[in-house]
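When a residue number appears, it is its place in the shown sequence, counting from 1. In listed order, ligands and their atoms are each counted from 1. All values reported here derive from a predicted model rather than from experimental measurement.
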Amino acid sequence: MIIALAGGVGGAKLVHGLAQTLPPERLLAVVNTGDDFTHLGLPVCPDLDTVMYTLAGLANPETGWGIAGESWRFMDSLGRLGGETWFRLGDQDLATHVRRKGLLGAGLSLSAATRELASALGVRHRLVPATDDPLRTRVTTDAGEIDFQDYFVRQQCRPTLRALRFEGAAQARPSPAFAEALADPALEAVVICPSNPYLSIDPVLAIGGVREALTAIDVPVIAVSPIVGGQAIKGPAAKIMRELGREPSALEVARHYRGLVDGLVIDTADAGDANAIAALGMTPHVTGTVMKSDADRASLASEVLALAARLRQTAAQGSSTRRRTA
Ligand code: FO1
């Protein structure tokens with residue numbers, strides 16, 4: 001069984017690739033909730049919805065978020081009435097938030113509400129929030145601390161990012177399915193998808209007990225670099241890395257995950273970083289990592305699973321996975 005940790009658009013694509021490769025009972029997608037917020041009185045869960053819509057075949061391919069072929073009558077009408085329209089909620093997407101509000105209001109956990117929504121949309125693979133407890137990413141900029149979606153959407157990541165804080169993380173616990181999967185003897189590997197390490201993966205790692213659990217498990221942890229040739233495929237990862245004083249490179253992603261991962265999948269554009277990455281105590285694997293098609297998603301997923309299998313064999317042959325010696 002594979003756990004896939006995912007955040008925004010890049011993560012959703014690899015989760016989709018894994019879902020094309022593995023049957024539902026062998027995959028658990030564990031998704032960041034640090035981007036979640038209450039907007040217009042509705043619980044919005046961007047990363048959960050991006051993965052859910054992608055697995056349902058509904059995702060808008062241009063934006064990566066929201067639903068393809070969306071209509072915007074609600075937004076237009078809200079604007080006419082002087083309501084907030086900076087965070088765009090399409091008519092079909094709106095139904096997701098309204099329905100989620102009803103499910104949570106009926107006392108369901110976020111995990112249970114997500115299960116209801118995903119199965120209603122025909123998603124057969126399992127998709128859970130990393131935690132059912134409150135978790136909110138707060139962004140410190142030159143103008144002070146702001147909410148994540150204010151930074152990411154309303155201000156389009158323009159402010160200089162000085163620091164990130166994951167409010168609630170220390171008190172938060174892994175969601176039941178996530179905790180269960182981490183302790184499952186059938187666990188074969190953990191895949192950290194090519195999501196933004198700082199915005200999408202770090203909030204999950206900050207949840208109480210998660211980093212410790214990932215360090216203690218005796219199966220490979222494999223990450224896929226979201227930085228290709230010094231650039232992020234999508235989103236502000238490279239800009240954030242520069243603002244945090246880090247070079248936007250696959251090698252820097254390796255440094256970020258040092259001590260946590262046994263393998264790092266990097267793009268052919270970054271093959272030159274492979275030796276330096278190996279010196280950090282993880283196994284580099286060089287391949288094409290840019291996912292332009294469903295076939296690309298499936299083939300990257302297969303390569304990640306093959307690397308995990310190789311590292312499991314290496315570990316079985318007695319040479320402990322180098323992660324623990326890093
Ligand atoms: N991102 C934008 O840049 N502009 C939007 O108006 C916007 C609306 C939106 C609505 C629902 C949803 O699930 C996601 C939405 N996103 C929007 C993307 C969202 O901010 C990001 O997907 C994550 O928070 C970061 O990955």
For ligand 1, run through the N/O pairs with the protein that fall under 3.5 Å and put one pair on each line.
| unit_1 | atom_1 | unit_2 | atom_2 | d |
| --- | --- | --- | --- | --- |
| ligand 1 | 1 (N) | Trp65 | NE1 | 3.3 |
| ligand 1 | 6 (O) | Arg88 | N | 2.9 |
| ligand 1 | 20 (O) | Gln149 | OE1 | 2.8 |
| ligand 1 | 24 (O) | Asp35 | OD2 | 3.0 |
| ligand 1 | 24 (O) | Gln149 | NE2 | 2.8 |
| ligand 1 | 26 (O) | Asp47 | OD1 | 3.3 |

Legend entry - Straight-line distance of Lys239 NZ to Arg158 CZ, nearest 0.5 Å: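 Separation between the atoms: 9.5 Å.
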Legend entry - Rounded distance (nearest 0.5 Å) linking atom CZ of Phe166 with atom CG of Leu199: 7.5 Å
Legend entry - Trace of the side chain to side chain contact (heavy atoms under 4.5 Å, CB included) decision for Ile222 with His285: CA-CA 10 Å; Ile222 312 277; His285 177 79; over 6 Å; no
Legend entry - Non-hydrogen atoms of Thr21 and Ser302 that approach each other most closely: CG2-OG, 3.9 Å
Legend entry - NZ/NE/NH1/NH2 to OD/OE distance under 4.0 Å, Glu247 and Arg255: yes
Legend entry - Carboxylate-amine/guanidinium proximity below 4.0 Å for Arg73 and Asp76: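 Answer for the salt bridge query: no.
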